[in-house]
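Have a look at the structure below, then the notes.
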Amino acid sequence: MMFGLPNNSRIKVRNRMSGTEANSKRVLSPRERRQRNREEMVAAILDAARAVMREEGVAALNLHEVARRVGLRTPSLYEYFPGKMALYDALYRFGIRLYAAGREHLAPITALPASFWEHARGELEHYMSFAQEHPELYQLVFERPVPGFVPSPESLEEGARILAHSDQLLKQGLEQGNLALGLPPEQARDLFIGMMHGLTALHMANEPELPMGSGRFGSLIEAALALFQAAWNPSAHTERR
């Protein structure tokens, strides 16, 4: 024997639920539909542009080829981006946001000294992983592969937020007494960025097919971290006095 509603009652309930679901899906107005279609086309253009940059090189982005891949005539592409530099700027901003989103998953810094260095290790690994997973965005955001391209003030502002976040982490480590930098925080930040980018750039130039953390330069993450930890350890500064 089956317990529950009779078959005809279950059908009525199911019909009522279907009607509720249908009513909850509001029909888009013509304006909203146009906006949705535009957003979908912009996303398709960015995807096509990234594919071209991966295949041909970041500086070799060709609007005619991008238009062809998304089924547009080249003049129609200008309805979405007024020129190649505007497309580069949108890709730059997309790359910044993608990189920043990945940083949100790094280990948080607590009052424990070890948590700062665990986060620092995550920063080094995330930077190299980003370069391997999104090489075209990595080059556009963190290098200067396109002559004449300068990100817009809005895009630069998003990049500045990443630096500001790094500054805040260093400040937190100093306030907790877990760091003794021996140089201004801004220089300490730039030194760390220099090491991070240097290892990643060399890894990508020599052994990009090897996973993060392996190879001639990719395997040096732990050694680089140990150098910083030894140099910025408060007890080391106390011993030098």
Side-chain angles (χ1 to χ4, degrees), residues 50 53-54 57-59 92 95-146 159-174 176-240:
R50 291 179 62 187
M53 291 194 300
R54 282 194 299 271
V58 176
Y92 177 94
I96 284 286
R97 292 173 180 175
L98 190 61
Y99 179 77
R103 293 181 87 202
E104 294 177 0
H105 301 289
L106 300 182
I109 295 178
T110 66
L112 297 175
S115 71
F116 178 88
W117 297 109
E118 183 63 27
H119 184 92
R121 176 185 290 103
E123 290 276 10
L124 288 165
E125 293 176 347
H126 173 53
Y127 192 86
M128 189 173 291
S129 295
F130 182 83
Q132 291 192 299
E133 294 170 11
H134 315 287
E136 74 289 348
L137 296 178
Y138 158 75
Q139 292 176 44
L140 183 62
V141 171
F142 298 113
E143 298 183 344
R144 287 183 174 266
V146 183
R161 293 194 194 106
I162 293 179
L163 291 180
H165 180 67
S166 299
D167 290 341
Q168 181 59 37
L169 295 178
L170 283 174
K171 180 181 178 182
Q172 183 178 344
L174 288 169
Q176 293 173 344
N178 296 328
L179 294 176
L181 301 178
L183 71 168
E186 293 80 8
Q187 291 184 1
R189 175 202 67 202
D190 290 344
L191 180 60
F192 189 85
I193 291 173
M195 176 72 82
M196 184 166 63
H197 182 75
L199 289 179
T200 297
L202 288 167
H203 181 74
M204 294 299 292
N206 291 276
E207 300 168 315
E209 74 284 355
L210 295 182
M212 182 274 302
S214 63
R216 180 181 174 191
F217 297 99
S219 63
L220 295 178
I221 288 178
E222 287 297 329
L225 195 67
L227 287 175
F228 281 108
Q229 194 165 3
W232 294 351
N233 189 326
S235 61
H237 283 259
T238 301
E239 294 171 0
R240 292 187 193 121

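- Summarising the local packing, CZ of Arg144 is surrounded by 12 or fewer heavy atoms from other residues, nucleotides or ligands at distances under 6.0 Å.
- Distance CG/Leu170 to CG/Leu181: 6.0 Å, rounded to 0.5 Å.
- For Pro208 against Gln132, the heavy-atom pair with the smallest separation is O-NE2, 3.2 Å.
- Residue Leu220 holds its CG atom at 10.5 Å from NE2 of His203, rounded to the nearest 0.5 Å.
- Put simply, CG on Leu137 and CD on Gln139 are 9.5 Å apart, with the number rounded to the nearest 0.5 Å.
- Closest approach of Met195 to Leu227, counting heavy atoms only: CE-CD1, 4.4 Å.
- From Leu179, atom CG reaches atom CD of Gln229 across 9.5 Å, with rounding to the nearest 0.5 Å.
- Closest heavy-atom contact between Leu202 and Asn206: O-ND2, 2.8 Å.
- Contact check on Arg189 versus Glu186 returns no salt bridge, with no Lys/Arg side-chain nitrogen under 4.0 Å from an Asp/Glu carboxylate oxygen.
- Using cut-offs of 30° and 60° on the angle between ring planes, the pair Trp232 and Trp117 is tilted.
- Ring geometry for His126 against Tyr99 counts as parallel: the plane angle stays under 30°, on a 0 to 90° scale with 60° as the upper cut.
- A pairwise comparison of heavy atoms in Pro234 and Gly177 identifies CG-O, 3.4 Å as the closest pair.
- Between Gln176 and Thr110, the shortest heavy-atom contact is OE1-O, 3.1 Å.
- Checked against the 6.0 Å centroid criterion, the rings of Tyr138 and His134 do not qualify as a close aromatic pair.
- Residues Leu191 and Phe228 form a side-chain contact, since some pair of their non-hydrogen atoms from C-beta on lies under 4.5 Å apart.
- For the residue pair Glu123/His119, the side-chain donor-acceptor check at 3.5 Å is satisfied.
- Nearest heavy-atom pair, Arg216 versus Ser219, reported as atom, atom and distance to 0.1 Å: O-OG, 3.7 Å.
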After noting the C-alpha distance and the side-chain angles of Ile221 and Met212, does the key distance pass the side chain to side chain contact (heavy atoms under 4.5 Å, CB included) rule? CA-CA 9 Å; Ile221 288 178; Met212 182 274 302; 3.8 Å; yes
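- Asn178 contributes atom CG, which lies 8.0 Å from atom CG of Leu112 (distance to the nearest 0.5 angstrom).
- A distance of 10.0 Å separates CD of Glu209 from CE of Met204, quoted to the nearest 0.5 Å.
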